[in-house]
K.L.:
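I have a structure I would like to understand better, so I am pasting it below and will then ask my questions one at a time.
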There are 2 protein chains.
Amino acid sequence: MVPVMSESPKQGARERILEAAYDLFSRRGIRDVSVDEIISRSKVAIATFYRHFSSKDQLAEAFLNRREEVWTSELLVAEAVKRGAAPKDQLLAIFDIFDEWFESEHFEGDSFVKVLLEMGPEHPLGKASINHLNNVRAMIRDIAERAGLTDLDDVAHSLQILMKGCIITASMGDVGAGARAKLMAERLIAEHTPADVTAAGDAPTENALAE
Amino acid sequence: MVPVMSESPKQGARERILEAAYDLFSRRGIRDVSVDEIISRSKVAIATFYRHFSSKDQLAEAFLNRREEVWTSELLVAEAVKRGAAPKDQLLAIFDIFDEWFESEHFEGDSFVKVLLEMGPEHPLGKASINHLNNVRAMIRDIAERAGLTDLDDVAHSLQILMKGCIITASMGDVGAGARAKLMAERLIAEHTPADVTAAGDAPTENALAE
DNA sequence: TTCTCATGAGAAGGAGCGTTCTCTTTACAT
DNA sequence: ATGTAAAGAGAACGCTCCTTCTCATGAGAA
């Protein structure tokens with residue numbers, strides 16, 4: 001029935017649409033991209049488009065979901081975990097990843113923030129964006145918890161201020177935004193590291209059973 | 001010739017247009033607001049509109065200029081200077097002002113950031129927004145200079161990260177964003193306060209020649 | 001009053017957009 | 001070969017939007 005389309009050059013229509021939408025939406029937002037542009041990029045007939053997605057907004061919703069999978073989970077969180085040995089280093093690695101992202105050719109800014117500001121917090125897509133942004137913060141909070149920090153909610157919210165702030169200022173041309181935010185993150189983390197009774201160590205009541 | 005229209009209930013057409021545009025643009029961005037909506041709000045004929053502004057984009061440009069006058073200069077910087085005795089307190093007062101702004105009924109978010117993300121950095125309005133954002137940072141830098149802080153450019157950029165970051169997260173619903181950013185700003189300022197030879201300093205090998 | 005100029009009211013042009021519809025073509029399963 | 005379901009091509013509808021144009025109204029200056 002359904003043709004096998006792993007990742008061959010000729011993909012299924014739905015996948016081609018989603019890829020084109022990902023490219024265009026992440027760079028330019030939702031409103032600035034027309035359905036015509038998406039179907040011509042994905043080489044799909046207009047009727048085929050509406051057979052797979054009931055509306056442009058629903059495609060935008062699918063885009064936001066994929067954005068969380070691809071960008072938040074794989075490119076950011078998984079990469080940060082891979083780079084840092086200790087959870088604290090993982091949190092700081094986020095800003096290194098940002099720095100490289102800022103300098104790369106396809107720095108498109110924060111899609112969730114862009115869509116939220118574009119559509120407003122009442123629009124379904126704005127609400128969806130807030131949801132995704134909350135998910136990002138939840139993942140950050142998880143790492144902070146593994147790092148043994150105090151006031152987890154506060155730390156997660158504060159780190160998100162630094163993350164969003166440096167993405168915005170990078171969009172305005174601040175090339176040092178990532179490094180600056182990282183410094184502030186280091187101070188934040190130090191401030192929320194519980195005092196250690198034992199000595200020059202860091203974490204309390206060392207977790208003997210690592211991993 | 002020109003009728004005297006100070007601030008009476010019946011203002012000139014141009015002023016009425018600008019006021020309506022300020023209200024609508026600052027809350028919803030540029031694209032989401034139609035010319036029809038502006039003229040009906042300002043009770044002006046469509047022909048009158050185009051006699052005063054050659055295009056919607058030019059009105060948007062005038063809006064951004066007014067936004068800097070009214071919001072950045074008067075509501076933010078002047079208010080911060082009024083609240084703080086010492087320049088350092090003035091810098092921190094910014095986040096108190098933000099906090100009250102977040103809770104007020106007309107928290108519309110950062111217009112410059114909104115327009116920048118909406119139009120992109122290549123569009124004239126996006127470029128204008130970046131200009132205004134740079135002006136904001138310049139004003140912050142001035143206060144930091146009067147506070148005698150070190151690394152003025154770095155401090156100004158870092159404070160802007162905190163400002164933009166907490167505005168964004170406040171837009172997503174973080175009610176404590178202002179307080180959190182203020183705490184990080186305090187740490188930042190402390191870190192850039194030149195060591196005082198007279199007292200219990202903290203940093204190592206302090207740069208004696210501050211400023 | 002008469003002249004002048006800003007404003008008002010509204011129609012219309014011209015373009016773009018999201019969406020629906022009809023008809024044809026392709027490709028695979030039986 | 002035949003049947004079936006997906007995909008392609010393209011026209012068209014209805015709507016919104018920015019902008020221009022025409023003509024009437026009103027208030028102040030001479």
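This one's a predicted model, so the numbers in the text were calculated from it and none came from an experiment. Naming: A, B, ... by sequence-line order, numbering from 1 per chain.
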K.L.:
Using heavy atoms and a sub-4.0 Å distance, could you list which residues of residues 52-66 of chain A are near DNA chain C? By number, please.
P.N.:
A/S55, A/K56

K.L.:
Show me the donor-acceptor pairs, under 3.5 Å and distance only, between side chains in residues 120-129 of chain B and residues at least two apart or in other chains.
P.N.:
from	atom 1	to	atom 2	distance (Å)
B/H123	ND1	B/L125	N	2.9
B/S129	OG	B/L125	O	2.9

K.L.:
D/dA7 base to A/R51 side chain: any donor-acceptor pair below 3.5 Å?
P.N.:
yes

K.L.:
In terms of side-chain heavy atoms of B/T48, which of C/dT7, C/dA9, D/dA7 is nearest?
P.N.:
C/dT7

K.L.:
Would you indicate which nucleotide in D/dC21, D/dA9, D/dA7 comes nearest to any side-chain atom of A/A47?
P.N.:
D/dA9

K.L.:
Under 4.0 Å between a side-chain nitrogen and a carboxylate oxygen: does that hold for A/E191 and B/R187?
P.N.:
yes

K.L.:
Looking at the side chain of B/I46, which of D/dA9, C/dG10, C/dG8 is the nearest nucleotide?
P.N.:
C/dG10

K.L.:
Should B/R16 be listed as having a side-chain N or O under 4.0 Å from OP1 or OP2 of C/dT7?
P.N.:
no

K.L.:
Go through the steps for B/D23 and B/R27 under the test salt bridge (Lys or Arg N to Asp or Glu O under 4.0 Å), then give the verdict.
P.N.:
CA-CA 6 Å; B/D23 223 50; B/R27 231 194 312 268; 2.8 Å; yes

K.L.:
Please give me the minimum heavy-atom distance between B/I167 and B/F107, naming the atom from each residue.
P.N.:
O-CZ, 3.9 Å

K.L.:
Counting just side-chain N and O atoms, does A/Y50 come under 4.0 Å of either OP1 or OP2 of C/dT20?
P.N.:
no

K.L.:
Under the salt bridge (Lys or Arg N to Asp or Glu O under 4.0 Å) definition, can you give me all pairs with a residue in residues 81-96 of chain B, not counting sequence neighbours?
P.N.:
B/E79-B/K82, B/E79-B/R83, B/R83-B/E100, B/D96-B/K182

K.L.:
Whole Å only: how far is the CD atom of A/Q11 from the P atom of D/dA7?
P.N.:
13 Å

K.L.:
Going by heavy atoms closer than 4.0 Å, what residues in residues 117-126 of chain A are next to DNA chain D?
P.N.:
none

K.L.:
Taking the axis from the first five pairs and the axis from the last five, what angle separates them in the helix from C/dT1-D/dA30 to C/dT30-D/dA1, rounded to 10 degrees?
P.N.:
0°

K.L.:
What distance do A/D154 atom CG and B/L183 atom CG have between them, rounded to the nearest 0.5 Å?
P.N.:
7.5 Å

K.L.:
Rounded off to whole Å, could you give me the CZ-to-P distance for the B/F49 and C/dG10 pair?
P.N.:
19 Å

K.L.:
Heavy atoms within less than 4.0 Å of DNA chain D: which residues of residues 17-31 of chain A have one? Give them sorted by number.
P.N.:
none

K.L.:
How many angstroms lie between atom CD1 of A/I30 and atom CG of A/D57, to the nearest 0.5 angstrom?
P.N.:
8.0 Å

K.L.:
Filter on ring pair (Phe, Tyr, Trp, His ring centres under 6.0 Å), then keep only pairs touching residues 133-174 of chain A, sequence neighbours left out; what's left?
P.N.:
none

K.L.:
With sequence neighbours excluded, give me every salt bridge (Lys or Arg N to Asp or Glu O under 4.0 Å) pair touching residues 62-73 of chain A.
P.N.:
A/E15-A/R66, A/R67-A/E108

K.L.:
Strictly below 4.0 Å, heavy-atom distances to any atom of DNA chain C: list the hits from residues 32-41 of chain B, or just say none.
P.N.:
none

K.L.:
Report the distance from atom CD of B/E15 to atom P of C/dT7, rounded to the nearest whole Å.
P.N.:
13 Å

K.L.:
Could you measure the distance from the CD1 atom of B/I39 to the CD1 atom of B/I17? Nearest 0.5 Å is fine.
P.N.:
9.0 Å

K.L.:
Suppose the criterion is ring pair (Phe, Tyr, Trp, His ring centres under 6.0 Å): which pairs have a residue in residues 57-82 of chain B, not counting sequence neighbours?
P.N.:
B/Y22-B/F63, B/F25-B/F63, B/W71-B/W101

K.L.:
May I have all residue pairs that pass salt bridge (Lys or Arg N to Asp or Glu O under 4.0 Å) and include part of residues 168-179 of chain A, sequence neighbours excluded?
P.N.:
A/D174-A/R180

K.L.:
By side chain to side chain donor-acceptor pair (under 3.5 Å), which residues pair with A/K56, not counting sequence neighbours?
P.N.:
none

K.L.:
What verdict does the salt bridge (Lys or Arg N to Asp or Glu O under 4.0 Å) test give for A/E37 and A/R28, after you've listed the backbone C-alpha separation in whole Å, the side-chain angles of each residue and the deciding distance to 0.1 Å?
P.N.:
CA-CA 12 Å; A/E37 205 169 351; A/R28 313 223 310 266; 3.0 Å; yes

K.L.:
For the backbone of A/L149 and the side chain of A/H192, can you confirm whether one donor and one acceptor N or O come within less than 3.5 Å of each other?
P.N.:
no

K.L.:
Begin with the C-alpha distance, continue with both residues' side-chain angles, and end with the deciding distance and a verdict on side chain to side chain donor-acceptor pair (under 3.5 Å) for B/Q160 and B/R137.
P.N.:
CA-CA 7 Å; B/Q160 198 163 38; B/R137 199 179 56 251; 3.0 Å; yes

